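First comes the structure, then the notes that go with it.
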Amino acid sequence: QIDAITYPNKISPFGNCKIQNITFLEGGDTFTVEEVNGMSVIYGGADKKTLIRAGQNVTSFTIPSTIEVIAPNAFSGNTSLQSVDFSLAGSLREIGAYAFSGTGLTSLVLPASVQKIGKGAFSWCEDMIGADLSGFAGELPEQMFYYAGLQQATFGTDVTYIGAECFAYTSLETLDLSGTSVSSLGDRAFFGCSALESASLGEITKMGDRVFAATRRSSLTEITFGDGSCDLGTNTFAGQSSLTKLNLPDSILALTDIGEGVFRGCSAIASLSFVPESVGDSAFENCSALKTIDLSALKTAGNKAFKNC
């Protein structure tokens, strides 16, 4: 009965061995080890429904039809892994946290069977260019593509939520959520997307903090909110100095409370059609091109609300 296995100097005692099954604790889980084309793959259970870990020498991999769960960190850190084929993975329902983080994947087609995705599942995939999420229904987790090289992503109608920092620091050029069911965007969901030029949203009822905020470089010129949207969040467009065109429905224009820093640093916006009663700290700070806004109903304004306007 083995409680734990330890080995010094980071040298595995299982190197080049022929062990195929390992059981930890009496009656505990069984792990199946397979050697396929010179690569080691560890599965959970004799039925191989969970993929635990694949060797760092894997360059491409086809997810077997038996797999229901890809465990956390299953492929993480393998920069040699360039492609994963999900075409046989009709039973796959869960991808664990950081499962493919830091790999060399160049693209992703997420199977429709997936119901749950863990934090950072495809984060730091710097070579990834495109992701097809059109078959996915549900919530995209926090940091799913954090710091990935992603330039393009497609979404299905049944995506409902974009988690915190889900696409932060990616290279997305355009964003179209207008045909989805996304009504809520988490904090910094698209923060630091320095190549993003335009974004079209659906009916947004909850907007987090710094959702589209820029860092040193900004390129966002146009944003469109869907009918029925009713929240602008805080610091939403902070630093987006190229933003000139805001396509806002009446439900947004009817907002009387403009939150902290929403348009801070949006130095190219010339006019806004709000009639606010309350304006948060730095809400319009450094909006140096702003010439027209109706403040006839204004009752309170926070610190630096209109500084350098």
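Everything numeric in this text was worked out from a predicted model, so none of it was measured.
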The test is side chain to side chain contact (heavy atoms under 4.5 Å, CB included); show your working for F225 and E203 and say whether it passes. CA-CA 7 Å; F225 280 75; E203 182 180 347; over 6 Å; no
Where is the tightest heavy-atom contact between [X] and [Y], given as atom of each residue plus distance?
X    : Y    : value
A305 : G280 : CB-O, 3.7 Å
A195 : S171 : CB-O, 3.8 Å
A153 : F155 : O-CE1, 3.7 Å
L298 : S278 : CD1-N, 4.2 Å
S113 : L92  : OG-O, 2.6 Å
R217 : A214 : O-CB, 3.9 Å

Is there a side-chain contact between [X] and [Y] (heavy atoms, below 4.5 Å)?
X    : Y    : answer
I63  : D85  : no
S83  : T106 : no
L133 : T154 : no
Q115 : F136 : no
L175 : F212 : yes
P276 : I258 : yes
S282 : R264 : yes
F167 : M144 : no

When you group the ILVMFWY residues by side-chain heavy-atom contacts below 4.5 Å and let the links chain together, are [Y] and [X] in the same group?
X    : Y    : result
V84  : L110 : yes
L253 : I269 : yes
I129 : L108 : no
Y161 : V211 : no
L201 : L246 : yes

What's the separation between atom [atom1] in [X] and atom [atom2] in [Y], rounded to the nearest 0.5 Å?
X    : Y    : atom1 : atom2 : value
K299 : T256 : NZ    : OG1   : 8.5 Å
L185 : T205 : CG    : OG1   : 9.0 Å
K291 : I293 : NZ    : CD1   : 14.0 Å
L140 : C166 : CG    : SG    : 5.0 Å

Which donor-acceptor pairs under 3.5 Å do the side chains of residues 119-127 make with protein atoms, sequence neighbours left out?
| residue | atom | partner | partner atom | Å |
| --- | --- | --- | --- | --- |
| S123 | OG | S101 | OG | 2.9 |
| S123 | OG | G120 | O | 2.8 |

According to ring-ring contact (aromatic ring centres under 6.0 Å, His included), does anything in residues 37-58 pair up with another residue at least two apart or in another chain? List the pairs.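 As it turns out, there is no ring-ring contact (aromatic ring centres under 6.0 Å, His included) pair with a partner in residues 37-58 once direct neighbours are skipped.
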Just by distance, do the side chain of [X] and the backbone of [Y] share a donor-acceptor pair under 3.5 Å?
X    : Y    : result
Q240 : S218 : no
T160 : G138 : yes
T66  : K48  : yes
D281 : E260 : no
D257 : E277 : no
T221 : E197 : yes
T180 : V182 : yes
S134 : G156 : no

Going by distance alone, is a donor N or O of one side chain under 3.5 Å from an acceptor N or O of the other, for N78 and T103?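 No pair is found: no donor N or O on one side chain lies under 3.5 Å from an acceptor on the other.
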Classify the side-chain pair E222/N247 by whether it contains a donor and acceptor separated by less than 3.5 Å.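 Yes.
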Of all residues at least two apart in sequence or in a different chain, which pass the ring-ring contact (aromatic ring centres under 6.0 Å, His included) check with Y169?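 ring-ring contact (aromatic ring centres under 6.0 Å, His included) list for Y169, sorted by chain: Y146, Y147, F191.
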Show your working on side chain to side chain contact (heavy atoms under 4.5 Å, CB included) between I223 and L243 and close with a plain yes or no. CA-CA 8 Å; I223 183 83; L243 184 60; 4.1 Å; yes
Are K116 and E139 within salt-bridge range, i.e. N to O under 4.0 Å?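 Salt bridge flag = no for E139 with K116.
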Side chain to side chain contact (heavy atoms under 4.5 Å, CB included) evaluation trace for L272 with F284: CA-CA 11 Å; L272 290 167; F284 300 99; 3.3 Å; yes
For the residue pair F100 and F75, categorise the inter-ring angle as parallel (less than 30°), tilted (30 to 60°) or perpendicular (more than 60°).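 Parallel.
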Apply salt bridge (Lys or Arg N to Asp or Glu O under 4.0 Å) to R188 and list each qualifying residue two or more places apart in sequence or on a separate chain.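 By the salt bridge (Lys or Arg N to Asp or Glu O under 4.0 Å) rule, R188 matches E165.
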Test salt bridge (Lys or Arg N to Asp or Glu O under 4.0 Å) applied to E68 - qualifying residues, sequence neighbours left out: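 Partners of E68 under the salt bridge (Lys or Arg N to Asp or Glu O under 4.0 Å) test: K49, R93.
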Which atom pairs, one a donor and one an acceptor, fall under 3.5 Å between side chains of residues 227-238 and the rest of the protein, sequence neighbours left out?
| residue | atom | partner | partner atom | Å |
| --- | --- | --- | --- | --- |
| S229 | OG | G202 | O | 3.1 |
| S229 | OG | I204 | N | 2.9 |
| S229 | OG | G226 | O | 2.8 |
| D231 | OD1 | G233 | N | 3.1 |
| D231 | OD2 | M207 | N | 2.9 |
| T234 | OG1 | D209 | OD1 | 2.6 |
| N235 | ND2 | D209 | OD1 | 2.9 |
| T236 | OG1 | L232 | O | 2.2 |

